[in-house]
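Here's the structure, in structure tokens; my notes come after.
FYI, the numbering just counts along the sequence from 1. Because the structure is a prediction, the values reported are computed rather than measured.
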Amino acid sequence: MTTDGFTTCLWFDGQAEEAAHYYVSIFKNSSIGRVGRNVEGGAGPAGSVLAVEFTANGQKFVALNGGPQFKFNEAVSFQIFCKDQEEIDYYWTKLTEGGGEPGPCGWLKDKYGLSWQVVPDRLIDMISDADQEKASRTTKAFMAMGKFDIAALERAYAGE
């Protein structure tokens, strides 16, 4: 991996390699990189996975088997901006299957507890429109949703 930009380190309790493969399977432009293993006297059993470099959707990550001390929470989430309902449905389904949890306003947790926001790419334009009525209608509509429904958001924006 290059040293340009940032690399996000995700802390797991023994599932780092599994999680890296999971994320790589969901996103395009993804791959597994180097796998670091524990040595004798290391943080875990010799030969077990300590860290896995991976790229998901072009973003750099390291999955670290750090132990049970820390868990993910909603203070950090990853936003996926989607061009259409098909993409929203795809990511929503993939990231909630196998134990993930749907949440409000386009938020969800995957099976590892990592928070995601699956968002129409046009949403920010709609809710920041200079026409406050359009922005307000759109905001009210999305606040009542779990998974986003682009057609319903467009209708609210248009005042239909």
Legend entry - Backbone of Ala151 reached by a side-chain donor or acceptor of Asp149 within 3.5 Å: yes
Legend entry - Arg137 charged N/C atom sitting above Phe142 aromatic ring, 6.0 Å / 45°: no
Inset, instruction - Measure centre to centre between the rings of Phe61 and Phe78, then say whether the value is under 6.0 Å. - result: yes
Inset, instruction - Using the six-membered ring of Phe6, assess whether NZ or CZ of Lys60 lies under 6.0 Å from its centre and within 45 degrees of the ring axis. - result: no
Inset, instruction - Determine whether more than 12 heavy atoms belonging to other residues, nucleotides or ligands lie under 6.0 Å from atom CD of Glu160. - result: yes
Legend entry - Sub-4.5 Å side-chain heavy-atom contact between Thr55 and Ser30: no
Inset, instruction - Mind checking the OG1-CD1 spacing from Thr138 to Ile124? Nearest 0.5 Å is all I need. - result: 11.5 Å
Legend entry - Centroid-centroid under 6.0 Å between Tyr112 and Phe72 rings: no
Inset, instruction - State yes or no: do Val35 and Val39 share one hydrophobic cluster built from I, L, V, M, F, W and Y residues joined by side-chain heavy-atom distances below 4.5 Å, directly or via other members? - result: no
Legend entry - Pairwise side-chain contact, Leu10 with Leu114, heavy-atom cut-off 4.5 Å (strictly under): yes
Inset, instruction - For residues Ser25 and Tyr90, report the shortest heavy-atom separation together with the two atoms involved. - result: O-OH, 4.1 Å
Legend entry - Shortest non-hydrogen separation from Ile80 to Trp116 and the atoms involved: CD1-CE3, 3.5 Å
Legend entry - Qualifying residue for side chain to side chain contact (heavy atoms under 4.5 Å, CB included) with Tyr91, from Thr96, Val118, Val119: Val118
Legend entry - Interatomic spacing from OG in Ser136 to CG in Asp129 - rounded to 0.5 Å: 11.5 Å
Legend entry - Carboxylate-amine/guanidinium proximity below 4.0 Å for Asp110 and Lys94: no
Inset, instruction - Ignoring hydrogens and angles, tell me if any N or O in the side chain of Asn65 forms a donor-acceptor pair with the backbone of Gln15 under 3.5 Å. - result: yes
Legend entry - Heavy-atom side-chain proximity of Pro120 to Leu153 below 4.5 angstrom: yes
Legend entry - Gln117/Ser77 under side chain to side chain donor-acceptor pair (under 3.5 Å): CA gap, chis, key distance, verdict: CA-CA 7 Å; Gln117 297 176 52; Ser77 64; 2.7 Å; yes
Legend entry - His21 side, atom NE2; Ile26 side, atom CD1 - distance, nearest 0.5 Å: 13.5 Å
Legend entry - Side-chain ion pair, Glu101 and Lys111, N-O less than 4.0 Å: no
Legend entry - Least distance between heavy atoms, Phe27 atom then Leu95 atom: CZ-CD1, 4.5 Å
Legend entry - Distance, nearest 0.5 Å, that separates SG of Cys105 from CE of Met143: 4.5 Å
Inset, instruction - Heavy atoms only: give me the nearest Tyr157-Met126 pair and the separation to one decimal. - result: CB-CE, 3.3 Å
Inset, instruction - For the pair Gln85 (side chain) and Ile150 (backbone), establish whether a donor and an acceptor sit closer than 3.5 Å, ignoring hydrogens and angles. - result: yes
Legend entry - Heavy-atom check, side chain of Val52 versus side chain of Ile32, under 4.5 Å: yes
Legend entry - Closest contact, heavy atoms only, Ala43 versus Asn38: N-OD1, 3.4 Å
Legend entry - Shortest non-hydrogen contact from Lys147 toward Ile88: CG-CG2, 3.7 Å
Legend entry - Salt bridge present between Glu154 and Arg122 (N-O < 4.0 angstrom): yes
Legend entry - Backbone N/O of Gly44 and side chain of Ser48: donor-acceptor pair under 3.5 Å: no
Inset, instruction - Determine the interplanar angle of the Trp11 and Phe70 rings, folded into 0 to 90°, and report it as parallel if under 30°, tilted if 30 to 60°, perpendicular if over 60°. - result: perpendicular
Legend entry - Check against side chain to side chain contact (heavy atoms under 4.5 Å, CB included), Val49 and Phe12: CA-CA 11 Å; Val49 171; Phe12 293 92; over 6 Å; no
Legend entry - Greater than 12 external heavy atoms within 6.0 Å of Glu133's CD: no
Inset, instruction - To the nearest 0.5 angstrom, please state how far the OG1 atom of Thr139 sits from the CD atom of Gln132. - result: 8.5 Å
Inset, instruction - To the nearest 0.5 angstrom, please state how far the CD atom of Glu87 sits from the CH2 atom of Trp92. - result: 15.0 Å
